[in-house]
Amino acid sequence: MKEFNPEQFRSEGHRIVDLLAEYLEEATKGEGYAVLPVSDPDELAEYFTLDSGNGRPESYITIVNEFIKYSNHLHNPGYIGHQCTSPLPLGALSHLTATLLNNGSAVYEMGPANSAMERAVIKHLAAKMGFDKKADGILTHGGSAGNLTALLAARQAKCSYNIWEEGVRENMKPGFLVSAESHYSVVRNLKIMGLGAESAVTVRSGDGFRMDPGSFSHAMKDAEKNGINVIGMVASSCSTATGSYDNLMYVAEFCKKHDLWMHVDGAHGMGVVFSDRYRHLVKGVEAADSVIIDFHKMLLTPGLNTAVLFKDGDRSYETFEQKASYLFSQGVEREWYNGAKRSLECTKSSMGFVAWSLFRYYGDSLFSDYIDDRYDTAAQFGAMIEGLPDFELLTPPQSNIVCFRHIQEGKSPTELNAHNDLLREKLIADGTFYIVKTTVDGNVWLRVTIINPLTGMETLKRLIEKLREIAGKASI
Ligand SMILES: Cc1ncc(COP(=O)(O)O)c(C=O)c1O
């Protein structure tokens, strides 16, 4: 097959790497492209239509260039939007390698090296949580799938019958205490599991948008009143909108007292286990039954790459116990090296290799320095906002997520919301920054995730100046 020609791969590969290196040089300087080039979804879909011109490309590199041109540029220091990291460039090379080898890793034979590396990554992370040798886990494509995997294990462990085999019974209503601030995937997953919306029993948030420990018992009573049998609790480390860390010591104590499964959604903020200075934010995580952490958020790793960790490794086998004779020779045996036995996914990308390569090459210190630096910068930015007369801070940042808004005398709450909405739109159209927004108690807040290691206080001061400049224009 002529398409497998190594020479073509070599020559195109060199050109692409050169192109990407130039791209990286411009993007990291904040030059070359708008952070998010403004586009209309329908128009862009039309522009990229495959209805004509297939198989007749100008050249391979033009195809790659088209993708770059209309993408969001995460290496630009003005990228302070969502929680997708600006990945380490060597991570991209790991991805390239993993993609060419395409070792699926549902079973050991389809990815021996990757399976072993995944195991090493899981054991490394489990030790960081303070778990002992009994701990185990798997990698999933993303935190939403990770939360589902953990919640399924919780249900299987705490249900009074084999719900995996027998299905959900009408008179059996398992539920979870869930923070009002939890990521939407938690409630969505409970619905996917067939437990319905009422299985997510909301715990009110208190100080700093953390779960209010005084409300834990109230939530239990609410559940009882509605006939829900609470079997677990989900804490956030940290929450998505405001970056708040639930107090895991209180959560652990409550779970122990009521025999609940303790799950910690650490998709965004569990990276603090690498930091001596910020680890205190997850004190108590060692008591959790399950934890997830996204490497593609605060560990500089290209996505997707999520670890699901179980304090008791046996739990990770119970959820998906199933015979699949074409994959596993001895259906029910607990073989760590056949990953599909413990995952809702069958074929997976070589996430183990990608994460392992970065830990191996850089060591933990890269991640601890990075976390310290990003969290310090967010704290400084929060303090700066607090000192400005024309801006308001929602809450002092606990992580690298900061919510704030521009205020103008005489504007009603509705007008202020519209003002900040428009401010963000115009800021993005200007091209120098990409930020997002969130709504809290009916108010619109501008929201930044200071995730790009190149975003310093100078960039953030420029952001404020730019927002003021836009707000000062008559049209807003
Ligand atoms: C706290 C939290 N959990 C889970 C997720 C979902 O992760 P993913 O986007 O990898 O599915 C997110 C995403 O932002 C998150 O912030």
Side-chain angles (χ1 to χ4, degrees), residues 72 74 79-87 91 95 125 137-152 154 176 178-193 200 202-203 205 208-211 232-246 248 251 262-273 281-282 285 288 290-309 343-345 348-349 351 354-355 371 374-375 378 397-403 434-440 447-451:
N72 195 335
L74 277 56
Y79 166 77
I80 29 179
H82 284 293
Q83 297 152 266
C84 251
T85 195
S86 326
H95 249 264
L125 265 291
I138 49 147
L139 298 180
T140 61
H141 288 98
S144 305
N147 276 332
L148 177 57
T149 307
L151 290 171
L152 285 166
F176 289 80
V178 171
S179 152
E181 299 298 321
S182 67
H183 185 255
Y184 75 82
S185 65
V186 173
V187 177
R188 179 178 285 187
N189 283 328
L190 294 177
K191 291 179 177 174
I192 291 170
M193 287 157 65
T202 307
V203 178
S205 48
F209 297 93
R210 300 174 188 93
M211 272 200 285
M233 188 161 182
V234 182
S236 308
S237 295
C238 52
S239 65
T240 309
T242 59
S244 304
Y245 281 86
D246 290 329
L248 300 184
V251 174
M262 175 176 167
H263 174 59
V264 183
D265 178 353
H268 182 84
M270 194 50 75
V272 294
V273 292
L281 292 167
V282 294
V285 69
S290 58
V291 179
I292 68 156
I293 171 169
D294 278 3
F295 301 153
H296 56 278
K297 290 191 167 63
M298 286 304 289
L299 291 178
L300 293 163
T301 305
L304 296 171
N305 215 321
T306 298
V308 187
L309 305 163
S343 170
L344 55 97
E345 295 162 306
K348 296 197 296 189
S349 66
M351 291 177 279
V354 173
I371 296 271
R374 296 300 71 200
Y375 278 45
Q398 296 163 40
S399 63
N400 61 328
I401 294 172
V402 189
C403 298
Y434 175 64
I435 67 171
V436 295
K437 64 174 180 175
T438 189
T439 303
V440 179
R447 176 175 171 276
V448 294
T449 307
I450 304 172
I451 200 163

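All figures in this text were calculated on a predicted structure; none of them were measured in a lab. Just so you know, ligand 1 is whichever comes first in the structure, and atom 1 is the first atom listed for that ligand. Numbers here are sequence positions counted from 1.
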Atom indices of ligand 1 within 4.0 angstrom of Ala267 heavy atoms, with elements: 2 (C), 3 (N), 4 (C)
Heteroatom distance test (Gln83, ligand 1): nitrogen or oxygen, under 3.5 angstrom: yes
Side chain, backbone, both or neither: the part of His82 lying under 4.0 Å from ligand 1 by heavy atom: neither
Atom 11 (O) of ligand 1: the protein heavy-atom neighbour that sits closest, reported with distance to 0.1 Å: Ser144 OG, 2.7 Å
Ligand 1 contacted by His141 (non-hydrogen, < 4.0 Å): no
Aromatic plane relationship, Tyr79 with Tyr434 - under 30° parallel, 30 to 60° tilted, over 60° perpendicular: parallel
Which residue and heavy atom of the protein sit nearest atom 7 (O) of ligand 1, plus the separation: Lys297 NZ, 3.0 Å
Nearest neighbour of atom 1 (C) of ligand 1 from the list Thr240, Val186, Ile401, Thr140, on a heavy-atom basis: Thr240
Check: Gly143 N/O within less than 3.5 Å of ligand 1 N/O: yes
Ligand 1 to Thr306 polar contact by distance, N or O atoms, under 3.5 Å: no
Closest protein heavy atom (residue, atom, distance) for atom 6 (C) of ligand 1: His183 CE1, 3.4 Å
Heavy atom of Gly146, distance to ligand 1 below 4.0 Å: no
Those atoms of ligand 1 less than 4.0 Å from some heavy atom in His296: 10 (O)
Heteroatom distance test (Ser185, ligand 1): nitrogen or oxygen, under 3.5 angstrom: no
